[in-house]
4 protein chains.
Amino acid sequence: MGLKERREREKEARKKQILDAARKLLFKKGLQATSINQIARTAELGIGTIYFYYQSKEDIFASLQEEGLEILFRNIEALTKTELYPEDQLRQTAAAYLTFSIEQKDYFDIINYFLSSPQVMFEPDLKSQVDLKGGRIVSLIIGFIESGMAMGRFTAVDARKFALAFWGALYGLIQFRKLEKTVLDGEDHKAVFDYAVEQFIARLMADK
Amino acid sequence: MGLKERREREKEARKKQILDAARKLLFKKGLQATSINQIARTAELGIGTIYFYYQSKEDIFASLQEEGLEILFRNIEALTKTELYPEDQLRQTAAAYLTFSIEQKDYFDIINYFLSSPQVMFEPDLKSQVDLKGGRIVSLIIGFIESGMAMGRFTAVDARKFALAFWGALYGLIQFRKLEKTVLDGEDHKAVFDYAVEQFIARLMADK
Amino acid sequence: MGLKERREREKEARKKQILDAARKLLFKKGLQATSINQIARTAELGIGTIYFYYQSKEDIFASLQEEGLEILFRNIEALTKTELYPEDQLRQTAAAYLTFSIEQKDYFDIINYFLSSPQVMFEPDLKSQVDLKGGRIVSLIIGFIESGMAMGRFTAVDARKFALAFWGALYGLIQFRKLEKTVLDGEDHKAVFDYAVEQFIARLMADK
Amino acid sequence: MGLKERREREKEARKKQILDAARKLLFKKGLQATSINQIARTAELGIGTIYFYYQSKEDIFASLQEEGLEILFRNIEALTKTELYPEDQLRQTAAAYLTFSIEQKDYFDIINYFLSSPQVMFEPDLKSQVDLKGGRIVSLIIGFIESGMAMGRFTAVDARKFALAFWGALYGLIQFRKLEKTVLDGEDHKAVFDYAVEQFIARLMADK
DNA sequence: GATGAATGAGCCTTCATTCAT
DNA sequence: GATGAATGAAGGCTCATTCAT
């Protein structure tokens, strides 16, 4: 069984090796310009080897997307350990998301790629992964809202629905950064973004 | 003099012919699968002819995006002529957007394509087009909000910021439809979407 | 006949207009990147009009080549009016050629294009033009050599053959400038060029 | 171990196969008309396969150019093993070059292509190849001159400079063959070429 | 004389994927 | 397990030239 374990460990190591190469290229060249051939060359592995560990190019990027979501998750999770008021935890959540979209642009792009891609990809296996990762972030937000309600700082709301609405709204507003020079015109993107966040928080804190 | 005019008209007809072919393919095969070669074949024109009328593939898609935005704009504009309360105009606006994203899925995809594409495309000329079209929709929303304030139904808000926040939130929430089976899990997408809309409207109608 | 003359003059003006555009583009974009379409646009004429005045793209460039040769010719012709010794006239001729290849690089490239092009182009009409222009430069060199012989400064040589040998050698040596970093390695191109010139002159002045 | 070697050998064979096809087309259709597609078709290989072995079209032509220079080199190298006087070795060198330009016209054209192309191509790797091949020919000429000086048949000269001057002059004079019907007019090209060669040799043998 | 829309063969290149070894 | 040579459809795009008006 030691053999089996070693096999397993080596297999993981190879997958990591491939992912490292893919990530490196993604960050250097962007999503479009990263090809399997390049990943193989960078990973110092044969092309066939890549295909042994990952079913397709999309599969690799899905893993990278997971990584990105994990980073974002941890950033927000850190807020649960703070002494901040729930409303501030939500503010920080929004800020963390926006920051992530700027500073971890490549990860954000890849998440975007999967989300806004017209085709319905997400094969069953990938689906549950996204569920796990993405859903956990929503769970954190639900937690903030529930703690706010428990503390009596927030009005009673459907925490799950509210969290999804909040999270979805943030996503859309982040995209608008690309329109800063056009649709937003004079308006500062950050200001609009924060303004939207405040609307949600004001709703939570209504009548208090 | 009739000559020049006819030339002009024929030129417009040709552009329309190309756009028709591009739209047809886009709707049948999706964005990725639509190539210039196919457009030319479908339009029964030479490839070079396509390039005579449009500078690039992107240029054609930009025109199609404009078309989509125009449709969406008209749908929302129609609401300005109704006797609905402003809050209902906003509800209908949201509904119109969601409906558009479903029923005119291909137009929505192409708008998405330009919005979520990582590269900064949009050369100056295209920029102003988007500004014009996309911005006009935001203007309609601003109008609803302002009329609501004027009627005393709405709290005083920064109408422009609010409209942008509203519009951006809707955009993000529409995207979440793809996650209905995963992140949303049991939750009905439409319900979440409507819930989010109600949050914004509740904000506007607070203290009234 | 005044009509005929005006026609003629206008025709010349149009040709000049086209040539101006072609030259401008040639100098800005280089030989390869200059297309008929661009020439037409730059000249503010229809594409068809270009073809009315010139049979082909090659035809335009041939005219430009002529221009270049004319400039080079005048530069060398100027030396005939100097009081320089014939050997110095030859030195200056070589220097003028080298300078021309550097400072009027685009003209030199186009001359090169026609000379080193594998296909035998040069239709009868173009042939005589080149003959006229290129040949006249050789004639100038013959003149220098003959005057040198007449003055008793030069050994008796076959002036025509010598001039052609001299001129051809210069042409080849100028090309070597591109090899400065490779074949020439440490060697300074100008030094090699001058060295070659001196060999020819030393031959002329042998036993004197 | 035999496996690896065979792989290597097969790889070489494939490269040769591609080069054979490219050469065949080059010789049949000329430089301009030879495209990657045709090379692939002629070689009975996929287009992608060509690109697997060569980075670009230019890369293939560079290899062909190398071949040409190699042939020329060997022709001249053969002269080093003769008992000819150095001056005759130089005469034969010139003759070999001229013959090569006629009989191996396509190879000469391709060398020309790289030499007279306005763009500065030759990436570092290609540069050193040309250096190696082209430079070796110059080295042979230097050898002839030095042996002539050693034998006391030649005047003392800067052998390297003289060799470069000689070689460059030959190159230019060979080009003039295209002008036989125009600039050279009545003059026989071969006669002019030989005349030029004799000038150089006379220089070397001056005062002897 | 002048126009300019239309052509379409052909260009070079990319790349995810397969499969025999 | 690992390899990497081979594929070939498809991509976007250029451009000299023609010809009906």
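Letters go in sequence order (proteins before strands), and every chain restarts at 1.
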Just distance, no hydrogens or angles: give the donor-acceptor pairs under 3.5 Å from side chains in residues 42-49 of chain C, sequence neighbours left out.
residue	atom	partner	partner atom	Å
Thr42(C)	OG1	Gln38(C)	O	2.8

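The interatomic distance linking Asp59(B) (CG) with dG12(F) (P) rounds to 14 Å, in whole Å. The distance between atom CD1 of Ile18(A) and atom C1' of dA2(F), rounded to the nearest whole Å, is 11 Å. Summarising the geometry, the separation between NZ on Lys15(C) and C1' on dG1(E) is reported as 15 Å, rounded to the nearest angstrom. Atom pair Glu10(B):CD and dA20(F):P shows a separation of 15 Å (rounding to whole Å applied). Look at CD on Glu8(D): it is 18 Å from P on dT21(E), rounded to the nearest Å. Rounded to whole angstrom, the span from the CZ atom of Arg9(B) across to the P atom of dA5(E) amounts to 16 Å. Rounded to an integer number of Å, the gap from Tyr54(C) OH to dT17(F) C1' is 18 Å. Regarding Glu58(A), its CD atom lies at a distance of 14 Å from the C1' atom of dC15(E), rounded to whole Å.
Between Asp20(C) and Lys24(C) there is no salt bridge, since no side-chain N of the basic residue sits under 4.0 Å from a carboxylate O of the acidic one. Using a 4.0 Å cut-off between charged side-chain N and carboxylate O, Lys105(B) and Asp109(B) make a salt bridge.
At distances below 3.5 Å, not a single donor-acceptor pair connects side-chain atoms of Lys133(D) with backbone N or O atoms of Gln65(D).
With dC13(F), dC12(E), dA16(E) as the candidates, the nucleotide lying closest to the side chain of Lys57(D) is dC12(E). Nearest to the side-chain atoms of Phe52(C) among the listed nucleotides dA2(E), dT13(E), dA16(F) stands dA2(E).
By the salt bridge (charged side-chain N to carboxylate O under 4.0 Å, His left out) test, Glu10(B) is found to be paired with Arg6(B), residues two or more places apart in sequence or in another chain being considered. Listed by chain and residue number, nothing satisfies the side-chain hydrogen bond (donor to acceptor under 3.5 Å, both in side chains) test with Ser56(B) (two or more places apart in sequence, or in another chain).
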Residue pair Glu12(B), Arg9(B): steps toward the side-chain contact (heavy atoms from CB on, under 4.5 Å) verdict: CA-CA 5 Å; Glu12(B) 280 310 306; Arg9(B) 244 181 303 128; 5.6 Å; no
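Counting any heavy atom pair closer than 4.0 Å across all strands shown, Ile36(C) reaches a base atom.
A sub-4.0 Å separation between OP1 or OP2 of dA2(F) and a side-chain N or O of Tyr53(A) is present. In this structure, Ser35(D) does not reach the dG10(E) phosphate: none of its side-chain N or O atoms is under 4.0 Å from OP1 or OP2.
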Each base of DNA chain F marked ( ) or [ ] if paired in-strand (Watson-Crick or G-U under 3.5 Å), | if paired to another strand and . if unpaired gives .||||||||||||||||||||
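For residues 43-70 of chain C, the set of pairs meeting the ring pair (Phe, Tyr, Trp, His ring centres under 6.0 Å) definition, not counting sequence neighbours, is empty.
Taken from OG in Ser63(B) to CZ in Arg23(B), the straight-line distance is 10.5 Å, to the nearest 0.5 Å.
Within residues 37-50 of chain D, the residues having any heavy atom under 4.0 Å from DNA chain F are, by residue number, Leu45(D), Gly46(D), Ile47(D), Gly48(D), Thr49(D).
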